[in-house]
Amino acid sequence: EVLAMRHNLILILAAVLAATGCIYDFSAELSDSDRRVVIEGDLMLGQISTVNISYVTAIDNPGGRYVRRFGSAWVLAEDGTRYEGVNLTGTHGNFSIDLRTAPDDTRYQLHVINADTGREYSTDWLEVNRAAVIDELSYIPEEAKDRMAVGISLHSAGQRYFRWSYEEIWEYHSLYRTRYFYTPNDKLPKEERAQYPNGRVSLFDDGENTYYCWGRRKSSEILIFTTKEQTEDRFEDLEFRTIPRSDARLSMLYYIKVYVSTLSEDAYNYWKNIQTNSDYNGSLFAPNPSEMVGNIHSVSDAGEQVLGFINVSRTAVAELFIDNDETQFYRSEEKSDYEPETCENEAHWPYLYGQGKLPLELVSSYPRQYSWINRSCVDCRVAGGTKDKPDFWPNDHK
């Protein structure tokens, strides 16, 4: 019964974390003054790596997690080569470090300076874990479960512990395709406002549209796996991503890119501990963060407690497209609760627009009349995507 109560409490607090995206410490004695530093990130040789610095924060002070001033971060190779970190746009505590040319045959240290306090943090010299080999990414239609699974097969000589992450992009479209867009009067050029007091309905030019969009997501889960109990350092078709059959991700073209890093046993145990005591988004959420001390220490103050674990490995990368034209797996449950309505009076256009509607079709040329429908039916951006099509996308949609 006690365990059940604890589990329910964790689920409730995890829901709060998922909504805020903040890192919180589940510790009753925490106060607003708690400023323990959290440093997270994997050094992925062959890739551009990201390192984050933040604070453990009381649950009633979510804004306190962020580093206030620009600091610095760099990776030092044992041969003296220094790889500088660059602050990511709009952030103070997130650094991008280009390790695409970093060799495997040396050791590395991560150094971070927190400009809020002037303190420096570093790891000891870290060995490079040998790379895994991704044999295959595959998609697995699971008819009985109404979902599509993505499986990974890999092997690695002598490496027993793995962590991976992924990014996904998908193309989808709105329910209806309109050839028209509406510009309200106050958004028109000043010289046109008198001519169009009710705003203007215009044709899209040169194939422009609000029909096709692209969604994006990066994994936030803690994805780890071990072959410790197996006879071979490999696994096949391990399902790590499942997508409901009715999910718009599968409606047209879905893309996933997977990054696999090998871990030391200490790194695996650290992340296993975090996973056991974390919310499903993988943020630090533990009854006792003191039990999660990693491999980072304060150069400025040997007694300071620092949370986080840095791992170094050559990263294996694989990509997969799932094309619904080939799989024919997607089944839409989407049904519009909205019906087009014809507007016979241009003076009503601003009202319709204010009600969240957009023009769908030209019903009559004279007098000019359009049918209007809810924005979500004709503007794919309402579902959260953008018109930012990836350069590598293999079709000519725009």
Side-chain angles (χ1 to χ4, degrees), residues 7 10 14 38-47 49-51 99 104 107-108 110 123-140 142 149-168 218-242 256-296 307-320:
H7 179 68
I10 288 177
V38 181
I39 299 175
E40 299 176 282
D42 284 336
L43 303 184
M44 303 188 300
L45 305 188
Q47 304 293 326
S49 301
T50 301
V51 172
L99 299 176
D104 296 357
R107 298 191 299 175
Y108 294 91
L110 172 69
T123 63
D124 295 325
W125 288 109
L126 303 175
E127 302 283 348
V128 178
N129 295 306
R130 283 182 292 179
V133 176
I134 300 177
D135 300 308
E136 184 180 27
L137 282 183
S138 59
Y139 61 84
I140 307 166
E142 298 182 339
V150 180
I152 185 171
S153 300
L154 66 78
H155 69 275
S156 178
Q159 299 295 320
R160 294 284 192 172
Y161 305 97
F162 308 90
R163 184 184 181 198
W164 63 85
S165 61
Y166 62 86
E167 57 184 273
E168 53 186 357
K218 291 186 177 181
S219 59
S220 56
E221 308 94 324
I222 297 174
L223 299 170
I224 54 177
F225 189 80
T226 179
T227 59
K228 183 178 179 181
E229 305 301 325
Q230 299 177 196
T231 57
E232 294 183 289
D233 303 329
R234 66 169 61 242
F235 50 88
E236 296 183 2
D237 290 334
L238 179 68
E239 295 183 3
F240 68 94
R241 183 80 177 99
T242 57
I256 187 166
K257 187 173 186 178
V258 181
Y259 304 86
V260 177
S261 299
T262 49
L263 301 176
S264 66
E265 184 174 5
D266 287 342
Y268 175 82
N269 290 334
Y270 175 85
W271 285 110
K272 185 66 176 177
N273 198 8
I274 294 289
Q275 186 185 60
T276 301
N277 293 284
S278 72
D279 69 291
Y280 69 91
N281 276 327
S283 52
L284 283 173
F285 175 71
N288 294 300
S290 60
E291 298 175 0
M292 296 184 180
V293 174
N295 62 349
I296 307 166
L307 304 182
F309 202 106
I310 302 299
N311 185 74
V312 186
S313 73
R314 172 69 56 180
T315 304
V317 182
E319 304 169 293
L320 174 69

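- In terms of the side-chain hydrogen bond (donor to acceptor under 3.5 Å, both in side chains) criterion, Thr242 has no residue partners (sequence neighbours excluded).
- Judged as a ring pair (Phe, Tyr, Trp, His ring centres under 6.0 Å), and not counting sequence neighbours, the contacts of Tyr268 are Tyr161.
- Legend: residues meeting side chain to side chain contact (heavy atoms under 4.5 Å, CB included) with Arg107, ordered by chain and number and at least two apart, are Glu78, Trp125, Glu127.
- With hydrogens and angles ignored, the 3.5 Å screen pairs a side-chain donor or acceptor of Asn295 with a backbone N or O of Ile310.
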For a side-chain contact (heavy atoms from CB on, under 4.5 Å) check, start with the C-alpha distance between Thr226 and Leu263, then their side-chain angles and the critical distance, and finish with the verdict. CA-CA 9 Å; Thr226 179; Leu263 301 176; over 6 Å; no

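- Nearest heavy atoms, Val260 versus Ala132: CG1-CB, 4.3 Å.
- At least one donor-acceptor pair closer than 3.5 Å links the side chain of Asn129 to the backbone N or O of Thr262.
- Within 6.0 Å of the CD atom in Glu236, the count of heavy atoms belonging to other residues, nucleotides or ligands does not exceed 12.
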Return all side-chain donor-acceptor pairs below 3.5 angstrom for residues 149-156, not counting sequence neighbours, or 'none' if the list is empty.
from, atom 1, to, atom 2, distance (Å)
Ser153, OG, Asp237, N, 2.8
His155, ND1, Asp135, OD1, 2.9
His155, ND1, Asp135, OD2, 3.1

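- Taken to the nearest 0.5 Å, the CD1 atom of Ile222 stands 12.0 Å off from the OG atom of Ser165.
- Contact record, Met44 with Ser49: N-OG, 2.8 Å, taken as the closest heavy-atom pair.
- Under the side chain to side chain contact (heavy atoms under 4.5 Å, CB included) criterion, Asp233 pairs with Arg160, Thr227, not counting sequence neighbours.
- Between Asp266 and Phe309 the shortest side-chain heavy-atom distance falls below 4.5 Å.
- Summarising the geometry, atom CH2 belonging to Trp271 is positioned 4.0 Å from atom CZ belonging to Arg163; distances are rounded to the nearest 0.5 Å.
- Listed by chain and residue number, nothing satisfies the side-chain hydrogen bond (donor to acceptor under 3.5 Å, both in side chains) test with Glu239 (two or more places apart in sequence, or in another chain).
- Residues meeting the ring pair (Phe, Tyr, Trp, His ring centres under 6.0 Å) test with Tyr166, sequence neighbours left out: Phe240.
- Residues forming a side-chain hydrogen bond (donor to acceptor under 3.5 Å, both in side chains) with Glu142 (at least two apart in sequence, or on another chain): Arg147.
- For the side chain to side chain contact (heavy atoms under 4.5 Å, CB included) with Ile39, the qualifying choice from Leu307, Ile296, Thr123 is Ile296, the only one to do so.
- A distance of 9.0 Å separates CG of Leu99 from OG1 of Thr315, quoted to the nearest 0.5 Å.
- Using a 4.5 Å heavy-atom cutoff, the side chains of Ser264 and Asn311 are in contact.
- Here Glu232 pairs with Arg234 under the salt bridge (Lys or Arg N to Asp or Glu O under 4.0 Å) rule; sequence neighbours left out.
- Judged by distance alone, with hydrogens and angles left aside, the side-chain atoms of Asn269 form a donor-acceptor pair with the main-chain N or O of Glu265 at under 3.5 Å.
- Residues satisfying the salt bridge (Lys or Arg N to Asp or Glu O under 4.0 Å) test with Asp124, not counting sequence neighbours, are none.
- Atom CG of Leu223 sits about 10.0 Å away from atom CZ of Arg241, to the nearest 0.5 Å.
- Residues satisfying the side chain to side chain contact (heavy atoms under 4.5 Å, CB included) criterion with Arg314, sequence neighbours excluded, are Leu45, Asp104, Ala131.
- A distance of 8.0 Å separates CG of Leu126 from CG of Leu110, quoted to the nearest 0.5 Å.
- Note that the CZ atom of Phe225 and the CD atom of Gln230 stand 5.0 Å from one another [nearest 0.5 Å].
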